[in-house]
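We count residues from 1, following the sequence as given. Owing to the predicted nature of the structure, the values given are computational and were not obtained by experimental measurement.
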Amino acid sequence: MNYKILKLLFDPRKMISKQEFLLGIIILFLLAFSSISDLIINTNVISIISSKDAYLLATHKVVKPFSIPSLPFGFILFYSAVTLAIKRVKDLHNKLWIWNSGWNIYLFVR
């Protein structure tokens, strides 16, 4: 993986342009889609096996060879999304504390 991409997703110190912001959002979307597609594929396999016979479902172990643990992966996606948002707010020359208070109000009041 490119060092610039890691810096884009995990280092909140610099400002980013609109193009870099869109690149980061696309990368996050692809990562989220890959984790969701793994879930969808396994769900379809289980439903196909269960529609044939309950005995097949009971004896068959669905193995996920490319499984990603949900909690750490979700935290990485969340942290990267917040980092991208902070960088973009800095680039727009807005006050970061205003954005942070709005974010907290949205999370805890809703």
Examine [X] and [Y] and state if one hydrophobic cluster contains both, with Ile, Leu, Val, Met, Phe, Trp and Tyr joined whenever side-chain heavy atoms are less than 4.5 Å apart.
X   : Y   : result
I16 : I5  : yes
I76 : F33 : no
M15 : L84 : no

Gap separating the NZ atom of K87 from the CD atom of E20, nearest 0.5 angstrom: 7.5 Å
message: To the nearest 0.5 Å, what is the distance between CG on L31 and OG on S80?
response: 8.0 Å
query: With a cut-off of 6.0 Å (strictly less than), are more than 12 heavy atoms of other residues, nucleotides or ligands near CZ of F29?
result: no
task: Check the pair L28, L9 against side-chain contact (heavy atoms from CB on, under 4.5 Å), reporting the backbone distance first and the verdict last.
output: CA-CA 9 Å; L28 289 179; L9 294 178; 4.3 Å; yes
field: Any F10 side-chain heavy atom under 4.5 Å of T83 side chain
entry: no
query: Are any of the side-chain heavy atoms of D11 and L6 separated by less than 4.5 Å?
result: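 No. Closest side-chain heavy atoms not under 4.5 Å.
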